[in-house]
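Order of the sequence lines fixes the chain letters, A, B, ..., with proteins taken first and strands second; residue numbering starts at 1 for each chain.
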Number of protein chains: 4
Amino acid sequence: MGIRERKERERDRRKQQITVAAKRIFLARGFDKATMEDIAREAELSAGTLYLYFKNKHELYASITLKVLQFLNMRLAHIKAERADISPEAKLEVLKEILLDAYDFDVMALINLFHLQSREILKKLSQEFIKEIKEITKQITDEIADIFEEGIEKGVFIKRHPAAFAQIIISTFSGIVLWEEGKRSGDDKKGYVKPTIELVFEILTKGMLKEKHV
Amino acid sequence: MGIRERKERERDRRKQQITVAAKRIFLARGFDKATMEDIAREAELSAGTLYLYFKNKHELYASITLKVLQFLNMRLAHIKAERADISPEAKLEVLKEILLDAYDFDVMALINLFHLQSREILKKLSQEFIKEIKEITKQITDEIADIFEEGIEKGVFIKRHPAAFAQIIISTFSGIVLWEEGKRSGDDKKGYVKPTIELVFEILTKGMLKEKHV
Amino acid sequence: MGIRERKERERDRRKQQITVAAKRIFLARGFDKATMEDIAREAELSAGTLYLYFKNKHELYASITLKVLQFLNMRLAHIKAERADISPEAKLEVLKEILLDAYDFDVMALINLFHLQSREILKKLSQEFIKEIKEITKQITDEIADIFEEGIEKGVFIKRHPAAFAQIIISTFSGIVLWEEGKRSGDDKKGYVKPTIELVFEILTKGMLKEKHV
Amino acid sequence: MGIRERKERERDRRKQQITVAAKRIFLARGFDKATMEDIAREAELSAGTLYLYFKNKHELYASITLKVLQFLNMRLAHIKAERADISPEAKLEVLKEILLDAYDFDVMALINLFHLQSREILKKLSQEFIKEIKEITKQITDEIADIFEEGIEKGVFIKRHPAAFAQIIISTFSGIVLWEEGKRSGDDKKGYVKPTIELVFEILTKGMLKEKHV
DNA sequence: CATGAATGAGCGTTCATTCAT
DNA sequence: CATGAATGAACGCTCATTCAT
């Protein structure tokens, strides 16, 4: 391994360390109330150091969200590639699992997928970042929409705009997570979210099926 | 009209004027990024003047949310009182209408029903305010849960915890509104939200019904 | 009584009403923390009205102090005129009584005789006011100094600069009042100040007497 | 010298620099009129920097006063420990010297020993601070009272409450300092205060002695 | 004359960001 | 590369003062 690579890897480890700390702090306090000092302390670094790895607070924040988006995108691409043959209903079941995995993977980022849409925040990000986020968001929603498109074509789901179905899945999921996070605090959160999500998916799936499939 | 009444009315008009401006600014920028200066400018007043009508930024914000809560509560109480005889499915339809009306009435406040749960924000509000908000929130969720309880008892809806249904309705609705508001900007928003909400309710209702009712 | 006089008298009553309220508020909160609104409320008037009678907050404050100074001056002039014949020691006794009366008359003003010396505050007062305050302050200290001068001449008091004696009396008195006001609160104040003042005067008088007079 | 020690020392120097500037500004303008900006400018720093060293304006102010209290306490403890054998009169003489030293050490803080009693100000200080100030204040007054108690027991001073004597010493001293500071400005102050204090102590001492000791 | 709504200047405080070491 | 001291811009809020009614 060349010196250059080792440096690169070292740098990634540091970014990781910061990211992990930032997630905890952002989740606990929200974007505005989380200070760079807080995050630095959590990462056992100094505030100034954060700026060696991230352009500014917004970019640190966005990079975290980007990770979940990449995670989601990767998993969805995987269904398409490896499990193209399973039924649309089964795909929906897998989608639920993926979202719950994403929830375990990074609650905060999921919650704040919304915020990232805000023009105010986007303005402070570098161009590449914005482009990347937009692209990956599009891929994800397309991927989900594809599931429904297939289901509609096969006569399994009721005939509606596939993009609308995708949107409902995403925003419903986010809504419940956000609501639960707002209500509860501490460690008992996850226990409550999962059953609710299970219920919602059960209901949504049933509601989306054509009569004869119910 | 006595001089006292006129004064009172004049004062209400000012509060209204500030409220309207605040809603616009809070919606556009979010609570933290909206400055009192911004709001004052929008209301064509000076920042100091806002404090003649609202104790502080948080109370201004909360008062806006309180209005929607009151609106929702009033409408829901109305169903119970005047339309107790209609079927649970029909009540769900009415609930949808009420939520869409609330959405027209005040988008921002709906979006931020979440935030108001946060202890941080509640701490800065006056005691009466907190009490009123908590009470009214409880009434609303209870009212919605009642619809489902009745539906379950009558064997119309599948047997799940009524409170969970209520939660799903509220958080799903909020999730979609929040998501849409985040994505779009300006005036074309409402056109998109309504059809999506219609669709969600259609799906949710169907998914909640017992087999024989579908 | 002409209309003009009646108006004049009416005006004086209003000033009196404001002065009384202001004294209470200034005493309770101190100059900076007392707001014009507070004073107005206490006087059962509106804040704006205060400005019809006093140029600004500082002048209202100064006018109160001036009253005590006038009171002190009047009483001291009285000793000189009517009781020129009593011994210097007796005059000291009378001086003590006068100061205690002034204390009853207006605690706050006495406490703040100091503040009025501050160039910062003087800058905000009108010229006439400043002149009047300076003159009357000089008269008072001269009057007190005279008592000691006489005492020294008659061989009753030890031979020191009469002005220094005067200064000691005034600042000692103020020091004790200020200290006590700082320490206690509410209504039990006066009970403590008087015995302490009595003791101080007893000690000071004894300490000032020439050996053979002790 | 380790790097840690150097840092610590550097930090202390900065605090010192701020303290010195703050003393000047507080003395010139009083607590309320002195702005953090003023103090920062005097210390050739930015306002924000002050908050790296002191929690807030009140704590900066209190820390200054605390220093004098500690100085006084230390010196008084010294008399008790090392010079327990000298006569009460001699102790009074030493007390005078100590107070004059404290005056040289920090005029402003002495003047404002009063303010620190105010509940309003105390409320804004951290708990440890309050406790420390209260304790040290108590120690000082007790120490002074002890001198008088001894003097009374030995039949040197007239029989009065020792605490009252202590109070008189402290408030008289403060009264004179405050009065003089109010009257004069700039650099000629100290020249006037000292002779007056000398005189007051001379008079007080004589006035406190029992007949036969005079 | 009296009001009180409105102003606007000013203050204490926070915190993202920079930069000398 | 890492630090953390320092900055300075910004914000919420208060209140003396003004002025139209």
Side-chain angles (χ1 to χ4, degrees), chain A residues 7 10-11 14 31-41 43-61 124, chain B residues 3 6-7 10-11 14 32-40 43-60 124, chain C residues 7 10-11 14 31-41 43-61 124, chain D residues 3 6-7 10-11 13-14 18 32-40 43-60 124:
Chain A
K7 287 234 166 148
E10 189 60 34
R11 185 176 170 83
R14 271 275 192 266
F31 180 79
D32 288 291
K33 250 149 250 146
T35 72
M36 293 300 268
E37 190 65 39
D38 287 338
I39 295 167
R41 199 178 310 113
E44 296 182 304
L45 288 168
S46 79
T49 306
L50 304 189
Y51 287 85
L52 297 174
Y53 297 92
F54 297 91
K55 205 180 121 203
N56 55 39
K57 191 182 176 186
H58 284 94
E59 202 134 320
L60 167 57
Y61 184 79
K124 298 223 180 180
Chain B
I3 214 171
R6 181 175 303 147
K7 285 260 162 109
E10 189 61 35
R11 186 177 168 82
R14 269 276 187 270
D32 287 295
K33 250 150 251 145
T35 73
M36 293 301 267
E37 191 64 39
D38 287 339
I39 294 167
E44 295 182 302
L45 288 169
S46 78
T49 305
L50 304 189
Y51 289 87
L52 297 177
Y53 297 92
F54 297 91
K55 204 180 119 204
N56 55 40
K57 191 182 176 185
H58 284 95
E59 201 132 325
L60 168 56
K124 300 224 179 178
Chain C
K7 289 236 167 145
E10 189 61 34
R11 186 175 169 82
R14 270 274 191 268
F31 180 79
D32 287 292
K33 250 149 249 144
T35 73
M36 292 301 266
E37 190 65 38
D38 288 338
I39 295 167
R41 198 178 312 112
E44 296 180 305
L45 288 169
S46 77
T49 305
L50 305 189
Y51 288 84
L52 297 175
Y53 297 92
F54 297 91
K55 204 180 122 203
N56 54 40
K57 191 182 176 186
H58 284 94
E59 200 134 323
L60 167 56
Y61 184 80
K124 298 222 180 182
Chain D
I3 215 170
R6 183 176 302 149
K7 286 258 162 111
E10 189 62 34
R11 187 176 167 82
R13 279 205 330 133
R14 269 275 187 270
I18 293 168
D32 287 293
K33 248 148 252 143
T35 73
M36 292 301 268
E37 191 66 40
D38 288 338
I39 295 167
E44 295 181 302
L45 289 168
S46 79
T49 304
L50 304 189
Y51 289 86
L52 298 177
Y53 297 92
F54 297 91
K55 204 180 122 205
N56 55 40
K57 191 182 175 185
H58 284 95
E59 200 132 325
L60 168 55
K124 300 223 178 179

Seminar exercise, completed: Per nearest nucleotide of DNA chain E, the residue lying toward the 5' end, N56(D) or G48(C), is G48(C)
Seminar exercise, completed: Tightest non-hydrogen contact, residues R11(A) and L52(A), listed as NH2-O, 3.3 Å
For this session: Please determine if a side-chain N or O atom of S46(B) lies less than 4.0 Å away from the OP1 or OP2 oxygen of dT7(E).
Result: yes
For this session: Please check the phosphate of dA2(E) (OP1 and OP2 only) for any side-chain N or O of Y53(C) closer than 4.0 Å.
Result: yes
For this session: Could you check how far CD of E10(B) sits from C1' of dT3(E), rounded to whole Å?
Result: 15 Å
Exercise. So do the side chains of K33(D) and D32(C) get within less than 4.5 Å of each other, counting heavy atoms only?
Worked result: yes
For this session: Using atom NZ of K55(C) as one end and atom C1' of dT17(F) as the other, report the distance to the nearest whole Å.
Result: 13 Å
Exercise. At under 4.0 Å between heavy atoms, what does A34(C) touch on the DNA or RNA strands: base, sugar-phosphate, or nothing?
Worked result: sugar-phosphate
Problem set entry | DNA chain F base-pair string [pairs: Watson-Crick or G-U under 3.5 Å; |: paired with another strand] | .||||||||||||||||||||
Exercise. What are the two closest heavy atoms between E37(B) and A47(B), and how far apart are they?
Worked result: OE1-CB, 3.8 Å
For this session: Report yes if some heavy atom in the side chain of R14(C) is under 4.5 Å from a heavy atom in the side chain of L45(C); otherwise report no.
Result: yes
For this session: Begin with the C-alpha distance, continue with both residues' side-chain angles, and end with the deciding distance and a verdict on side chain to side chain contact (heavy atoms under 4.5 Å, CB included) for N56(B) and E59(B).
Result: CA-CA 5 Å; N56(B) 55 40; E59(B) 201 132 325; 3.6 Å; yes
Exercise. Rounded to the nearest 0.5 Å, how far does CG of L60(C) lie from NZ of K57(C)?
Worked result: 9.5 Å
Exercise. Choosing from dT13(E), dA16(E), dC13(F), which nucleotide comes nearest the side chain of M36(A)?
Worked result: dA16(E)
Exercise. Between I39(B) (CD1) and dC11(F) (P), how many Å, whole number?
Worked result: 12 Å
Exercise. Counting just side-chain N and O atoms, does T49(A) come under 4.0 Å of either OP1 or OP2 of dT3(F)?
Worked result: yes
Exercise. Taking only side-chain nitrogens and oxygens of R14(D), does any of them come within less than 4.0 Å of OP1 or OP2 of dA6(F)?
Worked result: yes
For this session: Just compare dA16(F), dT18(E), dT3(F) and give me whichever is closest to any side-chain atom of L52(A).
Result: dT3(F)
Exercise. For the pair made of OH in Y51(D) and P in dA10(F), what is the distance, rounded to whole Å?
Worked result: 18 Å
